[in-house]
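The structure appears right after this line, and notes come after that.
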Amino acid sequence: MTARVKIPAHQDLAETLVSEAQIKRRLGVLGREINRAYAGKEITVIAIINGAMFFAADLLREIACPIRLDCVRVSSYRNATQSIGVPEIKNSFTLDIENRDVLLIDDILDTGKTLALVVELIRKMNPASVRTCVLLDKHGRREVPFEADFTGFQIPDRFVVGYGLDFAERYRNLPCIGVLKPELQNPPEWA
Ligand code: IMP
Ligand code: MG
């Protein structure tokens, strides 16, 4: 599903790409898809923080299956709109995932490097299955081949903030997803 609303919903946004109402509606649909895919089985959810925090919190409340929850902290962006290139696992999850059905959740699938890295780590632990769910997909930016099993919205190649996504750790709490005004994209005091 592609979404685009023109009116900015926050003073620092040049444009809103996905509104709060669109996110809410889409999460209901995604939740139903996930419920169908797992058919009542217990899911071991691993959320990639900090970015997936808001998305996971809202999505999991749309899922009827029993859930075990853990998080993994991965860093790939450092105070800028450019990736440092190689994602790094800062804190791994601690739940035992052997023979479990794992659902890995992230905010956005961009180059694919972050999800590829975490999926590889999960697979080494012999889970029964691994699926991935992302709120946003910037398909044109892929550097490693990767497709998510569940996707909220396809978006164009723009740097976005809000609903968990940050610029230098700011804007995660915006209820919608949008593009920052260009003059706010590189303030030296945020370095
Ligand atoms: P990938 O490894 O390039 O796929 O990047 C995934 C990570 O980069 C995500 O977990 C986000 O934290 C971050 N990221 C990618 N694009 C954006 C963006 O437009 N805004 C904010 N963070 C982004
Ligand atoms: Mg992230």
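Keep in mind that the numbers below use all heavy atoms, side chains included, and drop hydrogens, waters and symmetry copies. Order of appearance sets the numbers: ligands from 1, and atoms from 1 within every ligand. Positions are given from 1, in the same order as the sequence printed here.
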Open item on the list: Below a 4.0 angstrom heavy-atom separation, can you tell me which part of Asp166, side chain or backbone, both or neither, approaches ligand 1?
Closed with: backbone
TODO: Go through the side-chain N and O atoms of Thr111 and Arg141 and say whether any donor and acceptor fall under 3.5 Å apart.
DONE: no
Open item on the list: Yes or no: does Gly51 have any heavy atom under 4.0 Å from an atom of ligand 1?
Closed with: no
Task: Sub-4.0 Å heavy-atom contact, Arg141 with ligand 1 - done: no
Task: Per-atom contacts of ligand 1 with Asp106, taking only distances under 4.0 Å to non-hydrogen atoms - done: 9 (C), 10 (O)
Open item on the list: Using heavy-atom distances only, which candidate in Ile177, Leu115, Val160, Ile155 approaches atom 20 (N) of ligand 1 most closely?
Closed with: Val160
- [ ] Would you check if there is a donor-acceptor pair between the side chains of Asp101 and Ser129 at a distance under 3.5 Å?
- [x] yes
Task: Residue pair Tyr163 / Asn173, side-chain donor-acceptor N/O under 3.5 Å - done: no
- [ ] For Lys113, take its heavy atoms, then give the atoms of ligand 1 lying under 4.0 Å from any of them.
- [x] 2 (O), 4 (O)
Task: Atom indices of ligand 1, in the order listed, that fall short of 4.0 Å to a heavy atom of Thr111 - done: 1 (P), 2 (O), 3 (O), 4 (O)
Task: ligand 1 contact by Arg142, heavy-atom criterion under 4.0 angstrom - done: no
Open item on the list: Using only atom types and a distance under 3.5 Å, with no angle test, would you say the side chain of Arg142 pairs donor to acceptor with the backbone of Asp110?
Closed with: yes
Open item on the list: Taking 4.0 Å as the limit for heavy-atom contacts, which would you say applies to Glu143 with ligand 1: side chain only, backbone only, both, or neither?
Closed with: neither
TODO: Show which atoms of ligand 1 fall inside a sub-4.0 Å distance from at least one heavy-atom site of Arg158.
DONE: 19 (O)
Task: salt bridge (charged side-chain N to carboxylate O under 4.0 Å, His left out) partners of Lys24, counting only residues at least two apart - done: none
TODO: May I ask you to say whether Asp12 pairs ionically with Lys181, meaning some side-chain N is under 4.0 Å from a carboxylate O?
DONE: no
Open item on the list: Taking 4.0 Å as the limit for heavy-atom contacts, which would you say applies to Ile108 with ligand 1: side chain only, backbone only, both, or neither?
Closed with: both
TODO: Say whether, by atom type as modelled, one donor and one acceptor occur between the side chain of Arg170 and the main chain of Ala168 under 3.5 angstrom.
DONE: yes
- [ ] Run the numbers on Glu143 and Lys113 for salt bridge (charged side-chain N to carboxylate O under 4.0 Å, His left out), then give the verdict.
- [x] CA-CA 7 Å; Glu143 290 178 26; Lys113 291 183 203 168; 3.1 Å; yes
Open item on the list: Is the contact between Asp107 and ligand 1 made by the side chain, the backbone, both, or neither, using heavy atoms and a 4.0 Å cut-off?
Closed with: side chain
